[in-house]
Amino acid sequence: MSPRARRPPVLTLTTDFGGKDAYVASMKGVVLRAVPEARIVDISHEIPPQEIGEAGYVLACAFPHFPAGTLHLLVVDPGVGTSRRLLAARTRQHLFLAPDNGSLGLAFDIESPLEIVEIPFPDSRVAPTFHGRDILAPAAARLLQGAALSEIGPPVSNPLPFPVPQARPDPDGRLRVSVLSIDRFGNVILNFRAQDAGVTPGPVLEIAGRRLTRRVLTYAEAPAAEPVLLFNSSGFLEVAVTNGSAAQTLGCARGTTGILTL
């Protein structure tokens, strides 16, 4: 392919569908029938069912590493079949499709949306339990074919915010933080990012009855079995236990709260 030839469009998928059923394949089939040259990348289909915040975190960690112009389709949709809106959005570098349930909020913190539109429900009959296949996937195909957002639907100015508010410090340096995600290694990821910390000697975290003060740069620096603090590869503060699970050690789950002192 010559350098000036149009590269195949890229679509990513993030869902809570898992791999057992036909849901993911059905959505891919709809897209590929319309855009057979599309390259589809699975970010994750192992989001816990209905966990909007987890889905938003996973997408926010992954999407900045894709080429400009990539379309990201996220379907974690507890409100499927209700009157909730379906959105298409454009940032400086990327395009997004998702239900209007706040799941795109973290991505929008990283790249502010320049344009957001509502995807209208088609006149033809759609399955009320599978808008990902019958509405979002066809919209994805149109965008991959080059449609402008204005061709998809009317503008929206008030998308729902991310369901886990970003933690910000009070004047005294203390703030309440929440567990945003627990990765497959048992690392406990909090809703606080390095860019929010400024220049500090190191945070102190009180969580699950423990007071954590040791901050490291890498997992290998941590003493065995000791929960430590570090900023992960996506810039979020996390608690880790070398060769172990911080979630199990502390008894934490998504939504567990703590107090952070900077």
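Rounded to the nearest 0.5 Å, atoms CG (L74) and CG (L97) are 10.0 Å apart. One distance of note links CG of L175 with CD1 of I259; it measures 7.5 Å at 0.5 Å rounding. Rounding to the nearest 0.5 angstrom, the gap separating the CG atom in L73 from the CG atom in L11 is 6.0 Å. In this structure, F108 CZ and S103 OG are separated by 8.5 Å, a value rounded to the nearest 0.5 Å. Atoms CG and CG, from L104 and D109 in turn, are 11.0 Å apart once rounded to the nearest 0.5 Å. With rounding to the nearest 0.5 Å, the separation of CG in L149 from CZ in R142 is 10.0 Å.
Residues T256 and S178 have side chains not in contact (no heavy-atom distance under 4.5 Å, counting atoms from C-beta outward). When side chains are defined from C-beta on, R84 does not count as touching N101, because their heavy atoms never get closer than 4.5 Å. Between R90 and V117, every side-chain heavy-atom pair lies at or beyond the 4.5 Å cut-off. By the 4.5 Å heavy-atom criterion applied to side chains, V10 and L71 are not counted as neighbours. Between P113 and I116 the shortest side-chain heavy-atom distance falls below 4.5 Å. Residues P128 and V80 fail the side-chain proximity criterion, which asks for heavy atoms closer than 4.5 Å. Within the 4.5 Å cutoff, side-chain heavy atoms of I207 are placed close to those of C252. Residues R215 and F231 have side chains in contact (heavy-atom distance under 4.5 Å, counting atoms from C-beta outward).
Taking T213 as the reference, V204, R211 meet the side-chain contact (heavy atoms from CB on, under 4.5 Å) condition, with sequence neighbours excluded. In this structure N187 satisfies the side chain to side chain donor-acceptor pair (under 3.5 Å) test together with D183, sequence neighbours excluded. Applying the side chain to side chain donor-acceptor pair (under 3.5 Å) criterion to E206, with sequence neighbours excluded, gives no partner residue. Remark: T12 engages H72 in a side chain to side chain donor-acceptor pair (under 3.5 Å) (not counting sequence neighbours). Not counting sequence neighbours, the partners of R254 by the side-chain contact (heavy atoms from CB on, under 4.5 Å) test are P48, E51, E54. F162 pairs by the ring-ring contact (aromatic ring centres under 6.0 Å, His included) definition with nothing, not counting sequence neighbours. Every residue two or more places apart in sequence or in another chain was checked for a salt bridge (Lys or Arg N to Asp or Glu O under 4.0 Å) with R176, and none qualifies. For T70, there are no side chain to side chain donor-acceptor pair (under 3.5 Å) partners, not counting sequence neighbours. Residues passing the side-chain contact (heavy atoms from CB on, under 4.5 Å) test with E221, sequence neighbours excluded: V216, L217, T218. Shown here are the side-chain contact (heavy atoms from CB on, under 4.5 Å) partners of N232, two or more places apart in sequence or in another chain: Y57, I189, S234, F236, E238.
Annotation: side-chain hydrogen bond (donor to acceptor under 3.5 Å, both in side chains) contacts involving residues 147-159, sequence neighbours excluded, comprise R85-N158.
For S26 (side chain) and A22 (main-chain N/O), a donor-acceptor pair under 3.5 Å exists by modelled atom type. Distance alone, capped at 3.5 Å, places no donor-acceptor pair between the D100 side chain and the P159 backbone. A side-chain donor-acceptor contact under 3.5 Å links D16 to the backbone of Q50.
When hydrophobic clusters are built by joining Ile, Leu, Val, Met, Phe, Trp and Tyr residues whose side-chain heavy atoms come closer than 4.5 Å, directly or via intermediates, L205 is not grouped with L180. Cluster annotation: F63 and L13 are assigned to distinct hydrophobic clusters (Ile/Leu/Val/Met/Phe/Trp/Tyr, side-chain heavy-atom contacts under 4.5 Å, transitive). Under the 4.5 Å side-chain heavy-atom criterion for ILVMFWY residues, a single connected hydrophobic cluster contains both I119 and L95. Using a 4.5 Å cut-off between side-chain heavy atoms of Ile, Leu, Val, Met, Phe, Trp and Tyr, with links allowed through other members, V75 and F66 fall into different hydrophobic clusters.
Salt-bridge check for E111 with R92: failed, with every basic side-chain N at 4.0 Å or more from each acidic carboxylate O.
Residues F185 and Y219 place their aromatic rings such that the two centres sit no closer than 6.0 Å.
Under the side-chain contact (heavy atoms from CB on, under 4.5 Å) rule, V179 has a single partner from V188, N191, L250, T257, which is V188.
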Residues 30-45 side chain polar contacts: donor-acceptor under 3.5 Å, at least two apart:
unit_1 : atom_1 : unit_2 : atom_2 : d
D42    : OD1    : K28    : NZ     : 3.1
D42    : OD1    : H45    : NE2    : 2.6
D42    : OD2    : K28    : NZ     : 2.9
S44    : OG     : E46    : N      : 3.1
H45    : ND1    : T15    : OG1    : 2.7

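A 6.0 Å sphere centred on OH of Y23 holds no more than 12 heavy atoms belonging to other residues, nucleotides or ligands.
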